[in-house]
Amino acid sequence: MEYLFYIGLGAIAGLISGLFGVGGGAVIVPMLIFTFAAQGIDVEVATHLAIGTSLATICFTSLSSIFTHHQKQAIRWDLVKTMAPAILFGSWLGGIFAISLQAGLLQILFGGFMVAVALQLLFYTPVVGIRSLPGVIGTSIAGSAIGGISALFGIGGGTLSAPFLSFYGVKIHQAVGTAAAIGFPIAAAATYVYGAADVGDLMMPDASLGYVFIPAWLGIVVASIPFARLGAKIAHRANEKVLRIAFGCMMVLLGSRFIWINLST
């Protein structure tokens, strides 16, 4: 029954991700936090467990997206190779930093991130800039920042890397495809950090590998990929503007809730 429940959770996360075009982590993490709390998992580990599990799912779900974008020749592999070392370093550092934070502070930061993503969803219009990409040092700094923030909040990085690339003149469809490819090294490096974390003194649920909860990981991986495709098909037939406004408002409320609850206690 537990695995069936997480399959349902993965289906919802995939559907929402496909409908609104946001990274799966921005949906999976809050859903897992609420689910773990309802199951009585210690609040001191639930947030870290949700983020680690989300990143572990992205290791697999990103492969489907990468394959699709590669078939359409929408990935700038030269940029992926250039940014990958810095992204791996930033993801490793971001994961270590996240593990060191208390659960309450991490939820406040995640709530702020959710509000920022919602504002991007509501007001951001992709625009291709005319600037050239910065040199190796500038690109490395950007890659480290993208990897670090993504590992901190359990996302694949597309929310950050796609606007960055388009700002510097990369065509929109290539920016999105390249961002999808960047998501894999982010998730892989951060998953290693969360999965290898020393949790011996913490009250962890059974079937956990560090801060990765295997039942949730498996259920989400199985269901999220096909339902993301279904969500994308529905999005083409629905009123996209209304959907984005509704989801953006929901994310503002959820993010504000994380901030308010932790600041008021």
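For the numbers below, each heavy atom of this structure counts, side chains included, while hydrogens, waters and symmetry mates do not.
V193 and I58 are assigned to two separate hydrophobic clusters, defined by single-linkage of ILVMFWY side chains at heavy-atom distances under 4.5 Å. Hydrophobic cluster membership differs between V252 and I259, with clusters built from Ile, Leu, Val, Met, Phe, Trp and Tyr side chains linked at under 4.5 angstrom. A single hydrophobic cluster is not seen to contain both L88 and L79; linkage of ILVMFWY side chains at heavy-atom distances under 4.5 Å, directly or through other members, places them apart.
Applying the side chain to side chain donor-acceptor pair (under 3.5 Å) rule to Q39 yields the partners Y6; only residues at least two apart in sequence or on another chain are considered. Listed by chain and residue number, R76 satisfy the salt bridge (Lys or Arg N to Asp or Glu O under 4.0 Å) test with D78 (two or more places apart in sequence, or in another chain). Legend: residues meeting side chain to side chain donor-acceptor pair (under 3.5 Å) with H70, ordered by chain and number and at least two apart, are W77. Residues passing the side-chain contact (heavy atoms from CB on, under 4.5 Å) test with A162 are A179, sequence neighbours excluded. In this structure L119 satisfies the side-chain contact (heavy atoms from CB on, under 4.5 Å) test together with V115, F123, sequence neighbours excluded. Partners of F184 according to the ring-ring contact (aromatic ring centres under 6.0 Å, His included) rule, which considers only residues two or more places apart in sequence or in another chain, do not exist here.
Proximity of a side-chain donor or acceptor of S166 to a complementary backbone N or O of P163 within less than 3.5 Å is detected. Looking at S54, its side chain never comes within 3.5 Å of a backbone N or O of A50 through a donor-acceptor pair.
Counting heavy atoms from C-beta outward, V45 and M203 have side chains that stay 4.5 Å or more apart. Using a 4.5 Å cut-off on side-chain heavy atoms (C-beta onward), F34 and L254 make contact. Side-chain contact between H69 and V176: present, with at least one pair of heavy atoms (C-beta onward) separated by less than 4.5 Å.
Residue C59 holds its SG atom at 11.0 Å from CD1 of I186, rounded to the nearest 0.5 Å. Annotation: the span from T35 atom OG1 to I41 atom CD1 amounts to 9.0 Å, rounded to 0.5 Å. Distance check, rounded to the nearest 0.5 Å: OG1 of T53 to CG of L32 gives 6.0 Å. In this structure, T82 OG1 and L133 CG are separated by 9.0 Å, a value rounded to the nearest 0.5 Å. L122 CG to M251 CE: the interatomic distance, rounded to the nearest 0.5 Å, is 9.5 Å. Residue L165 holds its CG atom at 11.0 Å from CG of L160, rounded to the nearest 0.5 Å.
Counted within 6.0 Å of CE on M250, heavy atoms from surrounding residues, nucleotides or ligands total more than 12; the atom is thus considered enclosed. Within a 6.0 Å radius of CD in Q73, other residues, nucleotides and ligands contribute 12 heavy atoms or fewer.
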For a side chain to side chain contact (heavy atoms under 4.5 Å, CB included) check, start with the C-alpha distance between M204 and L49, then their side-chain angles and the critical distance, and finish with the verdict.
CA-CA 9 Å; M204 303 295 295; L49 194 65; 3.7 Å; yes
I would like to know whether I75 and Q174 meet side chain to side chain contact (heavy atoms under 4.5 Å, CB included); could you show each step before the answer?
CA-CA 5 Å; I75 298 178; Q174 289 185 334; over 6 Å; no
Worked verdict on I182 versus M83 for side chain to side chain contact (heavy atoms under 4.5 Å, CB included):
CA-CA 8 Å; I182 286 172; M83 297 179 70; 4.0 Å; yes
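L253 belongs to no hydrophobic cluster, as no Ile, Leu, Val, Met, Phe, Trp or Tyr side chain comes under 4.5 Å of its own.
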Would you give me the side-chain donor-acceptor pairs under 3.5 Å for residues 93-112, sequence neighbours excluded?
residue, atom, partner, partner atom, Å
S100, OG, F97, O, 2.6
Q107, OE1, N262, ND2, 3.1
Q107, NE2, T47, OG1, 2.9

Identify each donor-acceptor pair in which a side-chain atom of residues 207-227 lies under 3.5 Å from a protein atom, sequence neighbours left out, and give them as a table.
residue, atom, partner, partner atom, Å
S208, OG, P205, O, 2.9
W217, NE1, A56, O, 3.2
S224, OG, I220, O, 2.7

Which donor-acceptor pairs under 3.5 Å do side chains of residues 141-155 form with protein atoms, sequence neighbours excluded?
residue, atom, partner, partner atom, Å
S144, OG, A86, O, 3.3
S144, OG, S140, O, 3.0
S150, OG, I146, O, 2.6

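Here salt bridge (charged side-chain N to carboxylate O under 4.0 Å, His left out) pairs that include residues 62-72, with residues two or more places apart or in two chains, number zero. Legend: side chain to side chain donor-acceptor pair (under 3.5 Å) pairs involving residues 179-199, not counting sequence neighbours: none detected.
In this structure, A190 and L55 approach most closely via the heavy-atom pair CB-CD1, 3.5 Å. Annotation for G248 and A118: closest pair O-CB, 3.3 Å, computed over non-hydrogen atoms.
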